[in-house]
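Report on the following structure.
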Protein chains: 2
Amino acid sequence: MRRMTARPENVHQARILRLLRTDGPRSRAELGDVVALSRSKIALELDRLAALGLVRSDGFAASRGGRRSEIVRLAANLRFLGVDIGATSVDVAVTNGELEVLGHLSRPADVRDGPTAVLDQVLEMVAKLRADGVVTEVHGAGIGVPGPVSLRDGTPIAPPIMPGWDRYPVREAMSQELGCPVLVNNDVNMMALGELHAGLARSAEDFLLVKIGTGIGCGIIVRGEIYSGVSGSAGDIGHIRVDDHGPVCACGNSGCLEAYFGGAALARDALAAARSGRSPFLAERLAEKSALTAEDVGAAAAAGDAHAVGMVREGGRKVGTVLAGLVNFFNPGLVVISGGVAGLGHALLAEIRSVVYQRSLPLATGNLPIVLSDLGGTAGVIGAARLVSDHVFSA
Amino acid sequence: MRRMTARPENVHQARILRLLRTDGPRSRAELGDVVALSRSKIALELDRLAALGLVRSDGFAASRGGRRSEIVRLAANLRFLGVDIGATSVDVAVTNGELEVLGHLSRPADVRDGPTAVLDQVLEMVAKLRADGVVTEVHGAGIGVPGPVSLRDGTPIAPPIMPGWDRYPVREAMSQELGCPVLVNNDVNMMALGELHAGLARSAEDFLLVKIGTGIGCGIIVRGEIYSGVSGSAGDIGHIRVDDHGPVCACGNSGCLEAYFGGAALARDALAAARSGRSPFLAERLAEKSALTAEDVGAAAAAGDAHAVGMVREGGRKVGTVLAGLVNFFNPGLVVISGGVAGLGHALLAEIRSVVYQRSLPLATGNLPIVLSDLGGTAGVIGAARLVSDHVFSA
DNA sequence: GTACTTCCTTCTTCGGGAGGACAAAGTTGG
DNA sequence: CCAACTTTGTCCTCCCGAAGAAGGAAGTAC
């Protein structure tokens, strides 16, 4: 039999927990002010939360002219798992209650190996983190997968790049294995949630996270929550048409954004540029490695290779074109660019900005920051942990 | 001094009112079941609501084997005003508490005449409805305007086609004049709310309303509520790029959707088709009227004029192309096509459907109805009334 | 050491809401 | 036409959650 970890008993406890998670340790008095409850009530609920093992005392603050206030914080042994299953890699992180990353493992992995193989890999990584001692009492795990997900069931639904995963009961299986609540969602949505929690989007209500990696996707946050659409496929912008007469895409149509500027497209164009000699840098790389990836294009552009810079520019223009339309439609308060290709850096960003600011309506762009993510590879795992902690910290 | 009409005193009363509004009259027992409150509590709150003049008894239902249940419904004299200010016309409607339209006036009007002229027109129409006797106790008025709106202030914000309206205090002024709460929002959002309340979108959580009229706009409903974006300009899809080398748009860019298929664009193309003799039907019309509008194109297409049908088809393709991208991004559960040009009917709809179903992802289109609105011209006014009733019927 | 601040806890009080008992108003069947 | 049963509505009591007062605890300032 599986011992369930404690959860809040009412909405007040849930509010207190979320507050301690997001804003860090607080005194009882401050909590009363923020939660708008009487001190006696706060004290009562804190006692109960302490009895549940969810919060603890953390010493006393310096006096402000009177009795020192007792600082309350989330229990020390509270742990969440954040799992980010990408197309070509798996990340697993352990966080404390405040969602600070205590341990993080990243391994290359091919999602096409199917759910059992990949999820076994995940469990192995969790076991390794457990051996390191950072995993204590796991209160929940969030799992991001590179495809649409049925939120009701926690299963991938007809994911294009995940053969064998269709309707595989990820939530069910992992909840069984890990012995804790598990939530599954799209990886890009998770990254957006990560940006909302710990990244540049902390004060944003409505924003977009554009991830440019193997594929191109978009996480959508509406009123501070993930928006997934009715089938869980919202944000799938990789197959928006950029041009009628573009390259043929894996989806069957032609001129898709992804066919211009996804990881595969970039590798393809890099190869062509190397072979034709238009890019000496890439040609040299090809000679060394016998294959080229998007990273090589980034390196070439960083090294000043004119053709590679042109490729990045051109890609930025395509992304910007699509994004300009989405900005008109969605009117976000912020756009965060993320993903492997985001490493291409400011040449890419500059081009995207230029197109969006020119092509979108002034009112929508008037106060619209377009920025590169500063979370590195941790946005996904933090977002996954955040999602499940939202769930666990709810009445 | 202005006498304020009654409003609910707590959340239970608010819930009861919204239930009676949307689902119609109910017995006390049924209310108790749906609202999940004890009968005594329901009775108490209903007494209070009756004392406030917000609900009334409406006779007894047939017995179901025991004591007959007393039917409760919204007060008979409850009235909301729905105002839809379009680019070229003004609609004003009076509804009862259930948002059934009791009176409706529509007049041509040019929004460019400025706020005072247009709003005076509105007040005149309200006075006329008042004279007809259908306006009794007005509990609120919703006003839709053809441009972005600051929801906080209830004022238009830098509206492109509403010169003189920028930051004009519409809510303030009209609230003063009408002596009731006033809410202002974008007209297309109002139409979407109308579809949600009384149209084909009644069971939809997330859907889009595409309005093709003088301009082209999109109302966005997320989780049953209007989504307006951070500046109130969300849904402004008329200036999404369709093609690089398209006609120049009023916004300064070229290839905007609106420049291809808005009312003005259609009139322009109709004129060209008539003059060049490519459309005999339109040429004849031009000789009669000396000017052509989008309606003439509709008439020509309905009459089987080949060139006009081609124009509609081509326009449908452009709209479909943009919509396909939005469907990928937003993954709605329904798309409603509305507006004057929607009168072009099934040729337009067929073309839009064809493009969307071909260009969007199967998962997003798998169960996506794309339909023409069946609310005629009333969606806007009903939605406006609905918005303000949501507000008035809240604690 | 005394006055003042700030913080926490205990006790009392208040009110919202549930739920049972009961009354009212039907139907059904003998 | 009356008794038994059903459904609905109302009255009354009890319980619990939460606020707020009062008082104790712990510090600072002078």
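So you know, we letter chains A, B, ... as the sequences are listed, proteins then strands, and number each from 1.
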Does any pair with a residue in residues 385-395 of chain A pass side-chain hydrogen bond (donor to acceptor under 3.5 Å, both in side chains), and if so which ones, sequence neighbours excluded?
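Counting only pairs at least two positions apart or across chains, the side-chain hydrogen bond (donor to acceptor under 3.5 Å, both in side chains) contacts touching residues 385-395 of chain A are A/Arg21-A/Ser389, A/Arg21-A/Asp390, A/His197-A/Arg386, A/Arg386-A/Asp390.
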May I ask you to list the residues of residues 16-38 of chain A, by number, that have any heavy atom positioned under 4.0 Å from an atom of DNA chain D?
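Under 4.0 Å from DNA chain D: A/Ala36, A/Leu37, A/Ser38.
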In residues 65-76 of chain B, which ones come under 4.0 Å of DNA chain D, going by heavy atoms?
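Correct list: B/Gly65, B/Gly66, B/Arg67, B/Arg68, B/Ser69, B/Glu70.
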For B/Arg64, report the nucleic acid contact type (base, sugar-phosphate, nothing); a contact means any heavy atom under 4.0 Å.
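Counting heavy atoms under 4.0 Å across all strands, the contact made by B/Arg64 is with sugar-phosphate only.
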How would you give the extent of chain A contacts on DNA chain C, as first and last nucleotide 5' to 3' within a 4.0 Å heavy-atom cut-off?
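Span of nucleotides near chain A: C/dT5 to C/dT10.
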Suppose we screen for side-chain contact (heavy atoms from CB on, under 4.5 Å). Which residues come up paired with A/Ala43, at least two apart in sequence or across chains?
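Partners of A/Ala43 under the side-chain contact (heavy atoms from CB on, under 4.5 Å) test: A/Arg28.
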Taking side-chain contact (heavy atoms from CB on, under 4.5 Å) as the definition, give me every residue that meets it alongside B/Glu100, ordered by chain and number, with sequence neighbours left out.
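Testing B/Glu100 for side-chain contact (heavy atoms from CB on, under 4.5 Å), a comparison that skips the adjacent residues, returns B/Asn96, B/Glu98.
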Within residues 41-61 of chain A, which residues have any heavy atom lying less than 4.0 Å from an atom of DNA chain C?
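Only A/Ala43 qualify.
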Please give me the minimum heavy-atom distance between [X] and [Y], naming the atom from each residue.
X: B/Ala234; Y: B/Gly229; answer: CB-N, 3.6 Å
X: A/Ala29; Y: A/Arg39; answer: CB-NH2, 3.4 Å
X: A/Ile221; Y: A/Leu196; answer: CG2-CD2, 4.4 Å

Mind checking what makes side-chain hydrogen bond (donor to acceptor under 3.5 Å, both in side chains) contact with A/Arg73, not counting sequence neighbours?
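Scan of A/Arg73 (side-chain hydrogen bond (donor to acceptor under 3.5 Å, both in side chains), adjacent residues dropped) gives A/Asp58.
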Considering residues at least two apart in sequence or located in another chain, which fulfil the side-chain hydrogen bond (donor to acceptor under 3.5 Å, both in side chains) criterion with A/Ser40?
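Counting only residues at least two positions away or on another chain, A/Ser40 forms a side-chain hydrogen bond (donor to acceptor under 3.5 Å, both in side chains) with A/Ser38.
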I want to check one thing: is the phosphate of D/dG17, taken as OP1 and OP2, less than 4.0 Å away from some side-chain N or O of A/His12?
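For D/dG17, OP1/OP2 do not have a side-chain N/O of A/His12 under 4.0 Å.
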Residue pairs passing the salt bridge (Lys or Arg N to Asp or Glu O under 4.0 Å) test where at least one lies in residues 189-209 of chain A, sequence neighbours excluded:
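Qualifying pairs, neighbours excluded: none.
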Quick one: list whatever passes ring-ring contact (aromatic ring centres under 6.0 Å, His included) with A/Phe80, sequence neighbours left out.
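Partners of A/Phe80 by the ring-ring contact (aromatic ring centres under 6.0 Å, His included) criterion, ordered by chain and then number, come out as A/Phe393.
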To the nearest 10 degrees, how far apart in direction are the end axes of the helix from C/dG1-D/dC30 to C/dG30-D/dC1, each fit to five base pairs?
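The end axes of the helix from C/dG1-D/dC30 to C/dG30-D/dC1 are about 0° apart, to the nearest 10°.
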